[in-house]
*Asks:* 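Below is a structure I'd like to ask you about.
Lettering of chains follows the sequences in order, A, B, ..., and the numbering in each one begins at 1. As a basis for the values below, the full set of heavy atoms in this structure was taken, side chains included, without hydrogen atoms, waters or symmetry mates.
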Amino acid sequence: MGFLEDRVAAEMATWGGFKAAGLDAKKISENLARPPKPDMGDLAFATFRFAKEAGVKPPELAAKLIEGAETGGMVAEVDAAGPYVNLHLDHESVISDVLAEVEKHSAGALPQDWRFGDSDSGHGKTLCIDLSSPNIAKPLAVHHLRSTMIGYSIKKIRESQGWRVVGINHLGDWGTGFGKLIAGIKKYFPDVAERAKSDEKPLGDMTVQELNETYARFNKEAKENEDIALAGKDEFAVLERYIEALMDRPEAGEGDLLDAMAREGGQVNFRIWQHARDISLAEFERMYSHLGLSFRLWPVIEEAHKKLLKDEPAAFYRDHCIYVGESYYVTAEDLCRRLINDAVESRVAVEDEGALVIFTHGKGKAPLILVKNDGATSYHARDMAAALYRKRHWELDEMTYVVGGEQKLHFDQLFKALKELGHDWADHCSHTDFGLMLFQQPDGKWAKSSTRKGTAIMLEDLLDEAIAAVRDIIAEKNPELAADASMREHVAHAVGVGAVVFNDLKNGRRNNVKFDWDAVLDFQGESGPYMQMQYVRMLSVTEKFRETYGEPVFENGDPDRLGLDEEWRIVQSLAAFPDVVAKASAEFEPSIVARHLVELAGLTSSWWTATKDTRIVGDDEGLSLARLRLVNAIRKVLGRGLTLLGMELVERM
RNA sequence: GUGCCCGUAGCUCAGCCGGAUAGAGCAGCUGCCUUCUAAGCAGCCGGUCGGAGGUUCGAGUCCUCCCGGGCACGCCA
């Protein structure tokens with residue numbers, strides 16, 4: 001288990017009883033657990049499974065194991081309680097150890113220097129993580145938050161374990177939907193098409209919202225009218241052919257496809273599509289920066305970042321994720337067509353009902369469709385091409401897709417198809433699925449968000465509401481801070497966004513989330529603001545100490561002065577942190593970190609609020625310093641944990 | 001119909017590789033601000049862990065079946 005258990009186990013392994021039973025430190029450590037009640041001991045070793053192996057009764061084994069136990073090190077006392085070997089640790093020495101360990105890894109004033117809980121278990125390995133992946137020409141709605149923040153947090157957690165993590169935003173920027181968008185734009189805004197003949201930004205100052213409305217309006221008409229629907233398909237075909245012609249592929253045809261008329265029509269569509277994408281990215285950028293993420297468009301990296309990418313790729317991938325639109329695999333490298341040719345040649349893909357498919361789950365079950373019966377590539381094909389590109393370009397060791405659970409089948413098919421094509425590394429690909437965000441409908445039922453029905457809540461609105469709510473509370477509770485407008489806004493932003501983020505990450509990702517304004521904006525209890533508040537209060541306490549006794553020298557804080565049960569429990573919680581992060585990393589589950597922080601913050605708050613005697617800064621300087629030393633360690637672990645969740649720390653609130 | 005996810009306190013959720021008496025937050029009730037931020041703390045109330053079998057020394061946890069809810073199941077992505 002954790003380093004505390006490891007150290008205790010190492011000590012126990014030298015005892016005669018354990019030696020005789022053939023139990024080494026590893027086995028011991030793996031079987032150490034916390035007893036249900038503190039007075040039973042700090043750690044307990046359960047003998048059941050070893051007793052069974054040895055053919056003796058558990059209580060007998062427990063009694064034998066403690067024969068010749070040498071206490072006096074970390075273990076102060078040991079006793080056999082029925083089938084358990086209960087261990088009472090020497091608290092002073094453990095506290096001293098844990099504090100030293102935290103301090104060793106958390107030197108420095110800046111949160112990014114606090115590395116307690118980090119490990120190098122992933123050193124030299126690369127993880128590609130597919131996150132966020134919105135469709136262009138649609139605004140970011142609340143449900144996009146899940147993939148984005150779960151993915152972002154996993155990225156940070158994996159990085160803390162030594163991995164290189166490439167965050168990839170697989171933009172939905174290709175498919176027949178864009179034919180509909182183009183057709184809609186031409187239909188309702190005739191001058192745009194005219195402008196596109198000469199202007200590279202034909203959409204003027206149209207917003208994402210307007211693009212989305214145009215699409216929705218056209219889509220509605222297309223559902224009622226076959227001809228209109230076909231017009232949408234045609235526009236996409238024109239776009240796709242233009243792209244193919246641009247790539248100068250022989251099979252695109254020499255004569256008719258490249259004739260002036262088609263070329264011009266294609267160029268118009270291309271320009272509309274490209275401008276729609278630029279407009280979308282500009283808006284996404286605003287949203288992502290609120291959340292603390294930065295994306296660069298791949299592979300068109302601007303000069304400044306190109307240099308960083310070349311000189312310090314590690315720093316580039318740490319500080320930025322990348323956009324790689326689906327269109328990239330079609331337009332730039334022809335990866336889709338190559339993949340399809342490969343699948344056909346190897347006979348993995350077969351023709352069925354006019355489409356080219358791979359029967360990943362056997363005949364009769366839903367196949368993976370590579371090419372649709374109208375000749376257009378499907379998103380499956382583009383996802384496969386994307387996987388191959390990522391594998392080749394980043395030499396990844398692992399890849400995961402942070403995508404809603406409703407796409408489970410798609411990813412099952414994807415991984416199986418890759419294996420059938422001989423790509424065994426697909427075994428290291430996974431789907432980090434998460435539950436749906438549900439919204440209450442007018443009829444009271446809960447359902448997926450729908451832009452069409454107007455039940456979708458825009459991410460920006462949610463963040464704005466949360467920030468405004470925090471701003472109000474600051475005005476009410478901290479007038480001094482409220483008076484400083486720029487500081488107030490900075491804090492309101494960090495705490496408001498943090499509230500939304502923490503609310504999303506605190507529970508297991510597979511749970512469906514019933515979106516509830518009251519719950520998101522409730523800043524009591526297990527909430528982001530509560531976490532931020534504990535952090536801020538620890539800074540206040542530190543400041544108080546400074547005012548009273550001057551700059552604290554933590555090394556002089558005497559662990560022997562920390563004898564309270566609450567303090568011991570906090571130390572145990574601190575000691576467990578590295579394990580918690582490792583587990584969250586292995587399971588792609590940020591909530592494991594979030595939950596642990598809730599516990600740590602709660603223990604801390606109970607500790608120093610309990611009585612007047614537990615105030616940190618009191619009359620006894622030595623006691624105050626010892627306690628402050630613990631506060632300092634807690635603050636750094638809490639700060640590190642919140643950072644791993646993608647939250648920003650504040651110093652006042 | 002088939003597959004996957006979920007079912008633990010009134011509500012939202014934790015619960016480790018099966019381990020000793022199942023835990024938080026919210027809501028409700030009762031206290032606590034001359035002191036380091038009350039966005040807080042303490043206490044009370046609240047449980048047949050959906051149901052039935054099974055495996056095991058031991059099951060909220062593993063297996064089977066059933067019930068209830070959600071999602072997916074060929075040309076949207």
*Asks:* Considering only the P atoms, how many Å lie between B:A9 and B:A42, rounded to the nearest integer?
*Replies:*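 To the nearest whole Å, 23 Å.
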*Asks:* Does the side chain of A:D383 pick up a donor-acceptor pair with the side chain of A:H170 at under 3.5 Å?
*Replies:*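 Yes, because at least one side-chain N or O of A:D383 sits under 3.5 Å from a partner of the opposite role on A:H170.
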*Asks:* Would you say A:F48 stacks on B:G58, if stacking means ring centres under 5.5 Å apart and planes within less than 30 degrees?
*Replies:*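 Per 5.5 Å and 30° rule: no stacking.
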*Asks:* Which of the following nucleotides, B:C73, B:U37, B:C76, is nearest to the side chain of A:A366?
*Replies:*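 For the A:A366 side chain, the nearest candidate turns out to be B:C73.
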*Asks:* Could you measure between the two P atoms, the one in B:G47 and the one in B:G10, and give it in whole Å?
*Replies:*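 It works out to 6 Å between them.
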*Asks:* If you check every side-chain atom of A:N478, which of B:C71, B:C41, B:U37 has the closest atom?
*Replies:*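 The answer is B:U37.
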*Asks:* Using a strict heavy-atom distance below 4.0 Å, which residues from residues 505-513 of chain A are in contact with RNA chain B?
*Replies:*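 Only A:N507, A:G508, A:R510, A:N511, A:N512 qualify.
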*Asks:* Where the side chain of A:E326 is concerned, which of B:C17, B:U37, B:A77 is the nearest nucleotide?
*Replies:*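 The listed nucleotide nearest to A:E326's side chain is B:A77.
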*Asks:* Taking atom types as modelled and ignoring hydrogens, do the side chains of A:S147 and A:S132 form a donor-acceptor contact shorter than 3.5 angstrom?
*Replies:*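 Checked: A:S147/A:S132 side chains show no N/O donor-acceptor pair below 3.5 Å.
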*Asks:* Given B:G19, B:U37, B:C75, identify the nucleotide with an atom nearest to the side chain of A:R49.
*Replies:*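 Nearest to the side-chain atoms of A:R49, counting from C-beta on, is B:G19.
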*Asks:* Tell me whether A:D42 is salt-bridged to A:R34, with the criterion being a basic N under 4.0 Å from an acidic carboxylate O.
*Replies:*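 Between A:R34 and A:D42 there is no salt bridge, as every charged N stays at least 4.0 Å from the carboxylate O atoms.
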*Asks:* Taking N and O atoms by type only, does the side chain of A:N86 place a donor or acceptor under 3.5 Å from a partner on the base of B:A20?
*Replies:*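 Indeed there is one.
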*Asks:* Ignoring hydrogens and angles, are the base of B:G74 and the side chain of A:D352 linked by a donor-acceptor pair under 3.5 Å?
*Replies:*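 Per atom types, the contact qualifies.
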*Asks:* What distance, rounded to whole Å, do you find between the two P atoms, one in B:U37 and one in B:C49?
*Replies:*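 Their P atoms lie roughly 45 Å apart.
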*Asks:* Give me each pair satisfying side-chain hydrogen bond (donor to acceptor under 3.5 Å, both in side chains) with a member in residues 601-612 of chain A, each pair once, sequence neighbours excluded.
*Replies:*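 The answer is A:E567-A:W607.
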*Asks:* Hey, could you give me each pair passing side-chain hydrogen bond (donor to acceptor under 3.5 Å, both in side chains) that has a residue in residues 495-510 of chain A? Not counting sequence neighbours.
*Replies:*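 Only A:R146-A:D504, A:D433-A:R509, A:D433-A:R510, A:N507-A:R595 qualify under side-chain hydrogen bond (donor to acceptor under 3.5 Å, both in side chains).
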